[in-house]
Amino acid sequence: MAPVELTELTRPELETALGVLGIERYRARQIFRWVYRRGVTDVVAMTDLSNDLRDRLAAHFQISTPAVARRDISSDGTQKFLISLQDGLHVESVFIPDTPAQTFCVSTQVGCAMGCGFCLTATMGLVRNLTPGEIVSQVRVLAGALDLRDQRFNIVLMGMGEPLHNYDHTMAALQILADPHGLAVHPKRVTLSTVGLVPAIVRLAAEPLMPNLAVSLHAASEEIRAGLIPLNTKYSIKDILEACRTFPLARRSRITFEYVLLSGVNDSPAEARKLAILMKGIRSKINLIPLNPAAGIAYERPSDDRVNEFARVLTEHHLFVSVRKSRGSDIRAACGQLAVEGGRKAQVATTPSDHSRPPVVIPANAGIQPGPPLSRG
């Protein structure tokens, strides 16, 4: 039987897997520290484990680590990593320094099924979901390449893909990232950006590990949003805001609403006033994002004066507003610019996946019967 991919397991799952093999469950804590804090890619390097135990682990587990196929550095210090996965596909991840913390922008899918007209990733269509290990491994690779394993950093799930369209794998990845014996990235240092998959937002509201929520709104009018985001015909602005009004927020926390400004489309003062009305009763922050132009995108960036006027209208309505500074646009690493060559389009549903994470298959040791399939723990 093929070895189990160790990086796909949460620590409770690894504890169960070790127990099936007759290995003490507490060894999972040691293994997590080696893989996520020290960055080892081979169990042989786990020198506080006995030789016999390392041999047994090597016989049943493997640690796959994606390779960096390309690394581009922007004039503003932003770095974009082209990550090569085990099956030869690629995703892009971005490191944004001084924001004010160090921030990793991580992908959750190869491509995206949402079809937003102003996003370059949408031109790929959806190739496939990333596994929990592939999501987390982007963080492992970036932290190692940037020598940041021992430092605090933030994570934004705003790279390629719609995180809530890959719900189960994204949540499992957050569980692995948050483990105190691993990278220990608290969910409050993670921001999940969604285009508005309402059932998944409702489901997210009940999660024990809840990241910060950012909703890609991009319009205050149903008609305009439907022209930009095909999903709006299924989940309207009204539906999304109703889900946001019931979303549990910690004290002093707010839901971020992302709004890409497109010249002559959604950037008028009238649209700003409509947006302000929509935000009534929601603890919100508006993040205005002037479009980052790219070949293949039919829209244009509005002028700075137009951006400032839009922001002024919102602040006059006592909303919290920020204008995102474009980072990494010279290496096509800015918001909406991530895409890889050779991506193929696929016909997929634009509703949250109903497929739960498959059980992890544990190879049986000699004389030991396998236990039941593992849950996410």
- Note on the structure: Separation between CG (Leu183) and CD1 (Ile155), nearest 0.5 Å, reads 7.0 Å

- Note on the structure: To the nearest 0.5 Å, atom CG of Asn287 lies from atom CZ of Arg324 at 4.5 Å

- Would Ser303 and Asp305 count as having a side-chain donor-acceptor pair, cut-off 3.5 Å? no

- Item | Main-chain N/O of Ser74 paired to Thr78 side chain as donor or acceptor, under 3.5 Å | no

- Message: Quick check: Phe153 with Phe95 (ring centres under 6.0 Å apart)?
- Response: no

- Message: The criterion is side chain to side chain contact (heavy atoms under 4.5 Å, CB included); which residues satisfy it with Asp239, sequence neighbours excluded?
- Response: Val198, Ser236

- Message: Treating Asp72 as the side-chain partner and Lys80 as the backbone partner, does any N or O pair qualify as donor plus acceptor under 3.5 Å?
- Response: no

- Are any non-hydrogen side-chain atoms of Leu85 and Leu130 less than 4.5 angstrom apart? yes

- Can you check side chain to side chain contact (heavy atoms under 4.5 Å, CB included) on Val94 and Phe81, steps first, answer last? CA-CA 6 Å; Val94 178; Phe81 293 77; over 6 Å; no

- Ignoring hydrogens and angles, state whether a donor on the side chain of Glu162 or Thr194 is under 3.5 Å from an acceptor on the partner side chain. yes

- Would you say Thr16 and Arg25 make side-chain contact, with heavy atoms under 4.5 Å? yes

- How about Glu271 and Asn266: does a side-chain donor come under 3.5 Å of a side-chain acceptor? no

- Message: To the closest 0.5 Å, what do you measure between CD1 (Ile286) and OG1 (Thr256)?
- Response: 8.5 Å

- Query: Looking only at heavy atoms, which two atoms of Pro163 and Leu192 are closest? And how far apart?
  - Reply: CB-CG, 3.8 Å

- Task: Could you tell me whether Glu242 and Arg245 make a salt bridge, using a distance below 4.0 angstrom between a side-chain N and a carboxylate O?
- Result: no

- Between Ser221 and Lys274, is any side-chain donor less than 3.5 angstrom from a side-chain acceptor? yes

- Please examine the side chains of Arg140 and Thr65, heavy atoms only from C-beta on, and report whether any two atoms are closer than 4.5 Å. yes

- Query: Going by distance alone, is a donor N or O of one side chain under 3.5 Å from an acceptor N or O of the other, for Asp52 and Ser50?
  - Reply: no

- Message: Checking side-chain polar atoms at under 3.5 Å, does Ser253 have a donor or acceptor matched by the opposite partner on Arg283?
- Response: no

- Item | Pair Tyr36 and His181, ring centroids less than 6.0 Å apart | no

- Query: Closest approach of Ser93 and Gln138, non-hydrogen atoms and distance?
  - Reply: OG-OE1, 2.6 Å

- Item | Salt bridge flag under 4.0 Å for residues Arg27 and Glu24 | yes

- Item | Straight-line distance of Trp34 CH2 to Ile63 CD1, nearest 0.5 Å | 11.0 Å

- Ion pair check, Arg306 and Glu309, cut-off under 4.0 Å: no

- Compute whether any side-chain donor of one residue and acceptor of the other, for Arg71 and Gln79, lie under 3.5 angstrom apart. yes

- Between Ala172 and Pro132, which heavy-atom pair has the shortest distance, and what is it? CB-CG, 3.7 Å

- Hey, is Asp168 close enough to Arg203 for a salt bridge, meaning N to O under 4.0 Å? yes

- Message: Do Cys244 and Val215 have side chains that approach each other closer than 4.5 Å (heavy atoms only, starting at C-beta)?
- Response: yes

- Query: Do the side chain of His317 and the main chain of Val313 share a donor and acceptor less than 3.5 angstrom apart?
  - Reply: yes

- Query: Ion pair present between Glu134 and Arg128, side-chain N to carboxylate O less than 4.0 angstrom?
  - Reply: yes

- To the nearest 0.5 angstrom, please state how far the CZ atom of Arg254 sits from the CG atom of Leu319. 9.0 Å

- Message: Set out, in order, the CA-CA distance, both residues' side-chain angles and the distance that settles side chain to side chain contact (heavy atoms under 4.5 Å, CB included) for Val106 and Val156, then state yes or no.
- Response: CA-CA 6 Å; Val106 174; Val156 293; over 6 Å; no

- Which residue pairs satisfy the side-chain hydrogen bond (donor to acceptor under 3.5 Å, both in side chains) criterion with at least one member in residues 141-158, sequence neighbours excluded? none

- Beyond-backbone contact of His218 with Ile229, side-chain heavy atoms, under 4.5 angstrom: yes

- Indicate whether the side chain of Ser263 and that of Glu300 have a donor and an acceptor atom separated by less than 3.5 Å. no

- Message: In the structure I gave you, are the side-chain heavy atoms of Tyr235 and Val195 within less than 4.5 Å of one another anywhere?
- Response: no

- Item | Where Ala219 and Tyr259 come nearest, the two heavy atoms and their spacing | N-CE1, 3.4 Å

- Note on the structure: Shortest non-hydrogen pair, Ala272 vs Leu314, comes out as O-CD2, 3.3 Å

- Is Arg37 reaching over with its side chain to a backbone N or O of Gly182, donor-acceptor style, under 3.5 angstrom? yes

- Item | Minimum-distance pair of heavy atoms, taken over all atoms of His90 and Val110 | O-CG1, 3.7 Å

- Query: Going through the checks in order, is the side chain to side chain contact (heavy atoms under 4.5 Å, CB included) test met by Leu157 and Phe104?
  - Reply: CA-CA 8 Å; Leu157 300 176; Phe104 296 167; over 6 Å; no

- Query: What's the verdict on side chain to side chain contact (heavy atoms under 4.5 Å, CB included) for Asn292 and Arg301, showing C-alpha distance, side-chain angles and the deciding distance?
  - Reply: CA-CA 7 Å; Asn292 296 300; Arg301 184 192 191 280; over 6 Å; no

- Query: Between Arg33 and Val40, is any pair of side-chain heavy atoms under 4.5 Å apart?
  - Reply: no

- Message: Whether the Glu258 and Ser193 side chains hold a donor-acceptor pair (N or O, under 3.5 Å, no angle test) is what I'd like checked.
- Response: yes

- Close side-chain approach of Gln86 and Glu5, heavy atoms under 4.5 Å: no

- Message: To the nearest 0.5 Å, what is the distance between CD1 on Ile237 and CD on Glu222?
- Response: 4.0 Å

- Any donor-acceptor pair under 3.5 Å linking the side chain of Ser107 with the backbone of Glu92? yes

